[in-house]
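Note sheet for the following structure.
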Amino acid sequence: MPASLIADFPLLLVAIAAALHVAGERRAARMRRTPRTALARRRALRFYAGLAVIVISLTGPIDAHADQLFWVHMIQHVLLLTVAAPLIVLGAPWMSVWRPLPLGFRRAAAGAIAHARWAAPLRTLGRQLGRPVGALVAFTADL
């Protein structure tokens with residue numbers, strides 16, 4: 001893989017996540033035929049703010065100086081771990097990102113995970129990590 005592709009991969013993932021979220025939010029608004037609630041708008045804002053922090057920390061002057069200055073590199077880590085990650089978890093984007101995927105894929109994947117015995121530990125882990133307290137505990141343990 002070329003070095004530039006590897007360096008741009010996180011930004012590509014951010015763009016995909018943002019595009020899926022926007023499509024999911026639009027689809028939800030069309031299905032409900034009502035404007036999004038204030039809570040849904042706040043969650044979306046948190047999610048987009050988390051994505052913006054990722055982009056800011058991986059591009060521009062922060063990234064340009066991160067290779068030469070260790071403290072700037074550590075600022076990248078702080079931004080990604082203590083700002084972007086909690087904002088994304090608080091944004092709870094899971095349903096909005098899931099919604100624009102093809103219905104057949106969603107049914108097959110959800111059915112396999114929802115009913116398979118082997119996936120029971122994954123379901124429990126996903127429920128716990130999808131909550132702010134569970135994500136905070138996992139973050140603290142990892143750090």
Side-chain angles (χ1 to χ4, degrees), residues 1-29 31-32 35-143:
M1 240 182 199
S4 65
L5 183 60
I6 292 171
D8 292 337
F9 187 68
L11 297 176
L12 176 66
L13 293 178
V14 166
I16 290 170
L20 284 172
H21 193 272
V22 167
E25 289 290 301
R26 286 183 179 165
R27 186 170 189 176
M31 289 171 53
R32 290 188 180 103
R36 301 295 280 153
T37 64
L39 176 61
R41 288 192 302 273
R42 282 193 304 271
R43 283 184 176 166
L45 184 61
R46 289 181 200 130
F47 178 66
Y48 298 138
L51 293 181
V53 169
I54 292 171
V55 170
I56 289 167
S57 65
L58 296 179
T59 62
I62 293 176
D63 192 50
H65 296 295
D67 291 336
Q68 291 88 24
L69 301 170
F70 181 69
W71 65 272
V72 176
H73 178 74
M74 294 313 295
I75 286 175
Q76 274 185 318
H77 284 271
V78 169
L79 286 172
L80 293 170
L81 291 171
T82 62
V83 179
L87 282 171
I88 289 172
V89 170
L90 289 172
W94 328 125
M95 288 308 295
S96 293
V97 170
W98 179 250
R99 194 173 286 120
L101 298 174
L103 183 59
F105 171 78
R106 286 187 290 163
R107 283 185 177 162
I113 292 173
H115 301 298
R117 290 186 68 189
W118 62 266
L122 291 177
R123 290 190 297 269
T124 302
L125 181 64
R127 272 192 301 276
Q128 296 306 317
L129 292 178
R131 296 181 179 134
V133 173
L136 179 63
V137 168
F139 165 75
T140 305
D142 180 58
L143 193 58

Inset, instruction - Any ring pair (Phe, Tyr, Trp, His ring centres under 6.0 Å) involving residues 48-74? Give me the pairs, sequence neighbours left out, ordered by first then second residue. - result: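 For residues 48-74: H21-Y48, H73-H77.
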Legend entry - Residue pairs involving residues 86-143 (criterion ring pair (Phe, Tyr, Trp, His ring centres under 6.0 Å); sequence neighbours excluded):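 Qualifying pairs, neighbours excluded: none.
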Using distance only, find each side-chain donor-acceptor pair of residues 80-89 under 3.5 Å and give its atom names and separation, not counting sequence neighbours.
residue	atom	partner	partner atom	Å
T82	OG1	V78	O	2.6

Taking atom [atom1] of [X] and atom [atom2] of [Y], what is their separation to the nearest 0.5 Å?
{"X": "R123", "Y": "I113", "atom1": "CZ", "atom2": "CD1", "value": "9.0 Å"}
{"X": "L69", "Y": "I62", "atom1": "CG", "atom2": "CD1", "value": "12.0 Å"}
{"X": "T140", "Y": "L136", "atom1": "OG1", "atom2": "CG", "value": "4.0 Å"}

Legend entry - Verdict with supporting geometry, Q128 and L125, side-chain contact (heavy atoms from CB on, under 4.5 Å): CA-CA 5 Å; Q128 296 306 317; L125 181 64; 5.5 Å; no
For residues 51-58, dump all side-chain donor-acceptor pairs below 3.5 Å to protein atoms at least two apart in sequence or in another chain.
residue	atom	partner	partner atom	Å
S57	OG	V53	O	3.1
S57	OG	I54	O	3.0

Inset, instruction - Taking all non-hydrogen atoms of both residues into account, name the closest pair between L129 and A135 and its distance. - result: O-CB, 3.6 Å
Inset, instruction - Give the minimum heavy-atom separation between S96 and P100, together with the two atoms involved. - result: O-CD, 3.1 Å
Legend entry - A114: partners by side chain to side chain contact (heavy atoms under 4.5 Å, CB included), with sequence neighbours left out: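 Testing A114 for side chain to side chain contact (heavy atoms under 4.5 Å, CB included), a comparison that skips the adjacent residues, returns none.
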Legend entry - R27 side chain to R99 backbone, donor-acceptor under 3.5 Å: yes
Inset, instruction - Only counting residues at least two apart or in another chain, list the ones meeting salt bridge (Lys or Arg N to Asp or Glu O under 4.0 Å) with R36. - result: E25
